[in-house]
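These notes concern the structure reproduced below.
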Number of protein chains: 2
Amino acid sequence: MAAQRGEGDAVVATPRNPADAEVRERARAIPEAAVARLAVYLRVLSGMVDQGVTTISSEELSSAAGVNSAKLRKDLSYIGSYGTRGVGYDVEVLVSHIERILGLTRKHSVAVVGIGNLGHALANYGGFPSRGFPVAALFDIDPDLTGVPVGGIPVNHIDDIATVCAEREVSIGVIATPPQAAQAVCDRLVSAGVQCILNFAPVVLQVPDNVEVRKVDLAVEMQILSFHVARRADEAAGEVVNGVGVDGVVIRP
Amino acid sequence: MAAQRGEGDAVVATPRNPADAEVRERARAIPEAAVARLAVYLRVLSGMVDQGVTTISSEELSSAAGVNSAKLRKDLSYIGSYGTRGVGYDVEVLVSHIERILGLTRKHSVAVVGIGNLGHALANYGGFPSRGFPVAALFDIDPDLTGVPVGGIPVNHIDDIATVCAEREVSIGVIATPPQAAQAVCDRLVSAGVQCILNFAPVVLQVPDNVEVRKVDLAVEMQILSFHVARRADEAAGEVVNGVGVDGVVIRP
DNA sequence: CCGACTTTGTGCAAGCGTTCACAAGCGGTA
DNA sequence: TACCGCTTGTGAACGCTTGCACAAAGTCGG
Ligand SMILES: NC(=O)c1ccc[n+]([C@@H]2O[C@H](COP(=O)([O-])OP(=O)(O)OC[C@H]3O[C@@H](n4cnc5c(N)ncnc54)[C@H](O)[C@@H]3O)[C@@H](O)[C@H]2O)c1
Ligand SMILES: NC(=O)c1ccc[n+]([C@@H]2O[C@H](COP(=O)([O-])OP(=O)(O)OC[C@H]3O[C@@H](n4cnc5c(N)ncnc54)[C@H](O)[C@@H]3O)[C@@H](O)[C@H]2O)c1
């Protein structure tokens, strides 16, 4: 029974080696939420490098990343102490350390399965290769698509998934098939040795424990937004009657 | 008080009444994480309805949704007590209550801004309308696109965003423009009265407090996957020395 | 070299969210 | 009606995350 979202780790550790052990130790202890933020910091920092910024304080970086500065510093402390008190952080140093922790020193080839509306968009998207995630293979079940190049890469038939993934050392599989096909595709990716899956189909995938799945479910996102609209409407209807909301805050009409 | 579909949702113009107040109270207390899961339960339950299932236990539903059963029951308890002990939940009752809490009794019109690769995929996607999120407007800055129908809807020019959004009662704005344009587009959406934004551009948006933003950042998702690969690789390298990993689990060579 | 000033890194406490475990409640059965 | 087995609903414990507040550690001007 594998959980859909890879969370909850924090187990006991047993380091044995000299310097490597420390990195491992650190990596294991980083909360999932912090990892997601580190990726955001990395993006912001990359922008800073392009602008020629060499040094940045936790206050500046945190506001650019939309978090508070204490949280930012705590997050950075998980990966080590690379700041200079009274000055801030060296942008390039920070970038390289975050990249190391996120495992971005290695290239991660991506395979997209299901070259429909979404699959086309993903295959054409320039943002992946530029961040170290080259799209190395495309798969579809439609024979009319096989051989057709999309985003510069010819589509392979899904039946060749095992050999092609092995050949091109695919480490991340992206599922963009209809929901009915998703579990089967997932199983084939897993058989092909892919251990990381990004799933766009609105289904809960069952995978072995050694496979990491993350899902992107746009309908869920919309429903969360919808919930907030409803909540706000309710609050307004209920609390604005006397012009004052909870905590005595005045609500605009 | 049986709130069924189509009940025009008393929220806006109704006077205070105890049942509403209770719903309000409940809605406010639901943790964000639980809201996201409720949306998943809803999807699973919809599938159950289609299969003719009328009753379901927390155990069954939780495993179909990929969570543990205690969490599921706790989540459902946030919205009220609609199960029958010894039996389980009536699927349709549960569906209607979750829909009510998520605010899905109302339609939420969606506007997509930036009709490029991703925008096209979104506009063509049938999964939104079918879940109560009709795509009501499309916008782009490219004059060659204005008037061109995508997914059955003609693209409007971004300059008309305020009037068109008002006319079509857009309540959710989706940003699929290049990152450089995202903040400006966001500002225009907010000016147009849109209070919910789903952002695909890899930037942190600045919005007023009364606007809800959710972001979908695929590069971040990939980097989180990358982190787990790296962590696993490190663990294997470090722990496999004596052939035994954490928890005494033997790691494959 | 010193002292004022700035900013990091982190111990700690409070807040949330998750999980456990079990009493309460219900349907079925005799 | 009384009992039994099953499943819900939830209080309480636990553990992760956040935010505060401040000592430590560095810079810089004199
Ligand atoms: N289009 C969007 O914007 C969007 C948004 C959110 C979620 N999604 C989800 O993403 C998935 C894809 O959406 P889409 O709009 O691109 O659908 P689509 O129908 O346009 O494309 C699906 C593609 O998958 C291929 N396919 C079907 N079965 C397959 C199999 N067994 N193996 C390999 N390929 C197979 C089809 O040939 C087709 O090319 C769906 O699950 C959808 O719910 C799409
Ligand atoms: N394509 C993907 O699969 C993908 C994946 C992840 C994230 N994204 C992000 O989504 C966004 C869109 O990606 P894309 O691949 O569709 O890009 P794209 O270049 O294909 O499309 C962008 C569209 O936005 C329009 N546009 C530009 N400025 C605008 C403005 N000010 N107002 C309105 N429209 C404007 C352009 O005319 C173009 O049609 C980007 O921010 C990208 O980083 C895309």
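Please read these numbers as outputs of a predicted model, since none were measured by experiment. Values below: every heavy atom of this structure, side chains too, minus hydrogens, waters and symmetry copies. Each chain gets a letter, A, B and so on, in the order its sequence line appears, and its residues count up from 1.
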Between [X] and [N], does any side-chain N or O lie under 4.0 Å from OP1 or OP2?
| X | N | result |
| --- | --- | --- |
| A:Arg37 | D:dT17 | no |
| A:Tyr82 | D:dG26 | no |
| A:Tyr78 | D:dT17 | no |

Whole-Å distance between [N] [atom2] and [X] [atom1]?
| X | N | atom1 | atom2 | value |
| --- | --- | --- | --- | --- |
| A:Glu32 | C:dT18 | CD | P | 13 Å |
| A:Ile79 | C:dG9 | CD1 | C1' | 13 Å |
| B:Leu38 | C:dG17 | CG | C1' | 14 Å |
| B:His97 | D:dT8 | NE2 | P | 17 Å |
| A:Tyr89 | D:dA25 | OH | C1' | 13 Å |

By side-chain hydrogen bond (donor to acceptor under 3.5 Å, both in side chains), which residues pair with A:His228, not counting sequence neighbours?
->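 A:His228 satisfies side-chain hydrogen bond (donor to acceptor under 3.5 Å, both in side chains) with A:Arg231, B:Glu32 only.
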What closest approach, in Å, do A:Ala39 and A:Leu102 show between heavy atoms, and which atom pair accounts for it?
->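 Taking every non-hydrogen atom into account, CA-CD1, 4.0 Å.
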For the residue pair A:Val220 and B:Ala36, what are the closest heavy atoms and their distance?
->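 In this case the closest contact between A:Val220 and B:Ala36 is CG1-O, 3.9 Å.
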For the backbone of [Y] and the side chain of [X], can you confirm whether one donor and one acceptor N or O come within less than 3.5 Å of each other?
| X | Y | value |
| --- | --- | --- |
| B:Asn199 | B:Val203 | yes |
| A:Ser57 | A:Glu60 | yes |
| B:Arg232 | A:Asn210 | yes |
| B:Ser46 | B:Leu42 | yes |

Donor on one side chain, acceptor on other, A:Thr105 and A:Arg100, under 3.5 Å =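 No donor-acceptor contact under 3.5 Å links the two side chains.
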Between the side chains of B:Tyr82 and B:Asp90, does any donor sit under 3.5 Å from an acceptor?
->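 On atom types as modelled, these side chains do not qualify, holding no pair under 3.5 Å.
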Return the residues of residues 57-75 of chain A meeting this criterion: a heavy atom under 4.0 Å from some atom of DNA chain C. Order them by number, or give none.
->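 A:Ser57, A:Ser58, A:Arg73, A:Lys74 - these, ordered by number, are the residues of the stretch whose heavy atoms sit under 4.0 Å from the strand.
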Where along nucleotides 25-30 of chain C does protein come under 4.0 Å, by heavy atom, of base (B) or sugar-phosphate alone (S), with - for untouched nucleotides?
-> BBS---
